[in-house]
2 protein chains.
Amino acid sequence: MARWEPDARGRLALAAMQLYGERGFEQTTVAEIAERAGVTERTFFRHFADKREVLFNGSVGLQEAVLAAIEATPAGVGPVETVGRAMEVAGSGIPEREYAAQRAAILTANPSLQERELLKLASLGAAAAAALQRRGVDPLAATLAAQTGVAVFHAAFARWVGDVDAPPLAVCIREALTELRALTAD
Amino acid sequence: MARWEPDARGRLALAAMQLYGERGFEQTTVAEIAERAGVTERTFFRHFADKREVLFNGSVGLQEAVLAAIEATPAGVGPVETVGRAMEVAGSGIPEREYAAQRAAILTANPSLQERELLKLASLGAAAAAALQRRGVDPLAATLAAQTGVAVFHAAFARWVGDVDAPPLAVCIREALTELRALTAD
DNA sequence: GGAGTGATGACAGGAGCTGACATCGGGTGC
DNA sequence: GCACCCGATGTCAGCTCCTGTCATCACTCC
């Protein structure tokens, strides 16, 4: 069996995306994903913690990018602006809009996947808040700024994915941030 | 009605809280909860959609309170302030701090429960955004204002639960909102 | 008193997920 | 070249969550 084919993880992720798209998330079993990828069901769980996690491969990279961008922001910039800029920078690294749209379609069709997405965003927010605190921002302000930044990113990302005529993601983020400033000034 | 044993739902919720607290969420099975409540496992799932939902009994009431408060806010108040006031009003209806603290301890020990909490908050935010739109606020602004309001509520709630010396919840919410305004003004 | 209603019990079963152990293939050291 | 080790995978057994289906039982209404 020339079988220890390389990149089992990649094949599993691809197979899962295809099947989730073809017949829906709940309607596809882990056994089917594994079969299409040419591995065992057990192997699926060695690469992904659960059936949902396969859709969140990029979350680690995004979080790293955001944290690095926060570190790289000059001191003296306010916390909200710092997080906003970090989101812009990290957002620039997500150019594959087609994949994002397909993934979003799967996500919006399933509450349990939205839960996982929210957890990832909350984790991103918590990490950003910690990074802010390391730069001297007090805890409450750091939490609020980070959460606000995540909310801005989320809203902008949704707009970018859902609207074919939307500007690049970084621009969407900047515009949402500007809008937020105007709103809180009331 | 005094059918057989009344209030199966209440007994299930109580038993679940006790067991989750005693031995942890993942370590307690639905069968054990049902046994302590004196019903069948099947009956548990007739009252709660899943094992986590039993900890989110109050979410419906909270959402209703927030929506009612938004409706009751005079026109002319800005969207962020509207949501902030609604959170204050709804927060006044959550006086049982001991229960909240016990529940929070269980929640923070388990990511899957945090996922559900985040979903509830997101649902609250979406509902608030819809209510705002019904009052003439444009969609992006409504989303941002609602999300921001939820973030403020979440941060304030965490402070209130975690800090014995914290002021009443409504005050925590007002203070967090004030802090946010100062932050976004940068 | 009989029919309807709503909650529950009893049973079967699928799917997600985990632990334990065997196996295979590819390096490593000699 | 060979023995050996190690990481990735296969195999198997099993638990738990959750659902569908049907019977039952108390209670209500006519």
Side-chain angles (χ1 to χ4, degrees), chain A residues 1-57 106-107 109-117 119-120, chain B residues 1-57 106-107 109-117 119-120:
Chain A
M1 332 201 274
R3 44 283 193 193
W4 308 148
E5 309 244 354
D7 196 24
R9 185 186 177 90
R11 277 178 294 134
L12 280 166
L14 179 63
M17 273 293 292
Q18 290 173 347
L19 286 167
Y20 291 169
E22 288 170 14
R23 64 181 79 166
F25 174 76
E26 291 183 348
Q27 283 64 45
T28 94
T29 71
V30 174
E32 290 168 334
I33 299 170
E35 188 186 359
R36 182 170 292 199
V39 295
T40 305
E41 191 179 339
R42 190 68 184 85
T43 294
F44 177 92
F45 289 107
R46 281 196 250 263
H47 286 280
F48 300 100
D50 60 52
K51 193 187 168 188
R52 293 176 284 170
E53 196 63 21
V54 67
L55 286 171
F56 296 87
N57 252 326
I106 297 170
L107 250 66
N110 198 286
S112 91
L113 290 171
Q114 293 168 36
E115 288 191 20
R116 179 57 52 86
E117 172 100 318
L119 185 68
K120 295 294 183 184
Chain B
M1 311 278 265
R3 299 252 188 230
W4 262 110
E5 296 277 349
D7 196 25
R9 185 186 177 91
R11 277 178 293 136
L12 280 166
L14 179 62
M17 273 293 292
Q18 290 173 347
L19 287 166
Y20 292 169
E22 289 171 13
R23 64 181 79 165
F25 174 76
E26 292 182 348
Q27 282 65 45
T28 94
T29 70
V30 175
E32 290 168 335
I33 299 170
E35 188 186 0
R36 182 169 293 198
V39 296
T40 307
E41 190 179 339
R42 190 67 186 86
T43 294
F44 177 92
F45 290 106
R46 286 195 175 98
H47 285 280
F48 300 100
D50 60 53
K51 193 187 167 188
R52 294 176 284 169
E53 196 63 20
V54 67
L55 288 172
F56 296 87
N57 253 326
I106 297 170
L107 248 67
N110 198 286
S112 92
L113 290 171
Q114 293 168 37
E115 288 190 17
R116 179 57 54 86
E117 172 100 317
L119 185 67
K120 295 294 184 186

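Residue numbers begin at 1 in each chain, while the letters A, B, ... track the order of the sequences.
Between the side chains of B:Asn57 and B:Arg9, at least one donor N or O lies within less than 3.5 Å of an accepting N or O.
For the pair A:Leu12 CG and C:dG16 P, the interatomic distance rounds to 14 Å; values are reported in whole Å. Distance B:Arg42 CZ to C:dC11 P: 15 Å, rounded to the nearest Å. One can place CG of B:Asp7 at 13 Å from C1' of C:dA7, the figure rounded to the nearest angstrom. Look at CD on B:Glu41: it is 8 Å from C1' on D:dT16, rounded to the nearest Å.
Two residues are said to be in side-chain contact when any heavy atoms from C-beta on lie closer than 4.5 Å; B:Glu53 and B:Lys120 meet this criterion.
Applying the side-chain contact (heavy atoms from CB on, under 4.5 Å) criterion to A:Gln114, with sequence neighbours excluded, gives B:Leu119. Taking the side-chain hydrogen bond (donor to acceptor under 3.5 Å, both in side chains) definition, one finds that A:Glu22 meets it with A:Arg36, sequence neighbours left out. Residues satisfying the ring pair (Phe, Tyr, Trp, His ring centres under 6.0 Å) criterion with B:Phe44, sequence neighbours excluded, are B:Phe48.
Taking the charged nitrogens against the carboxylate oxygens, B:Lys51 and B:Glu26 have no contact shorter than 4.0 Å, which rules out a salt bridge.
For the segment residues 45-53 of chain B, the set of residues with a heavy atom within less than 4.0 Å of an atom of DNA chain C comprises B:Arg46, B:His47, in numerical order. Only A:Thr28, A:Thr29, A:Val30, listed by number, bring a heavy atom of residues 15-38 of chain A to less than 4.0 angstrom from any atom of DNA chain C.
Considering CD1 of B:Ile33 and CD of B:Gln18, their distance stands at 10.5 Å, rounded to 0.5 Å.
Applying the ring pair (Phe, Tyr, Trp, His ring centres under 6.0 Å) definition to pairs two or more places apart or across chains, those involving residues 22-41 of chain B are B:Tyr20-B:Phe25.
Considering only side-chain N and O atoms, A:Thr43 lies under 4.0 angstrom from the phosphate OP1 or OP2 of D:dG10.
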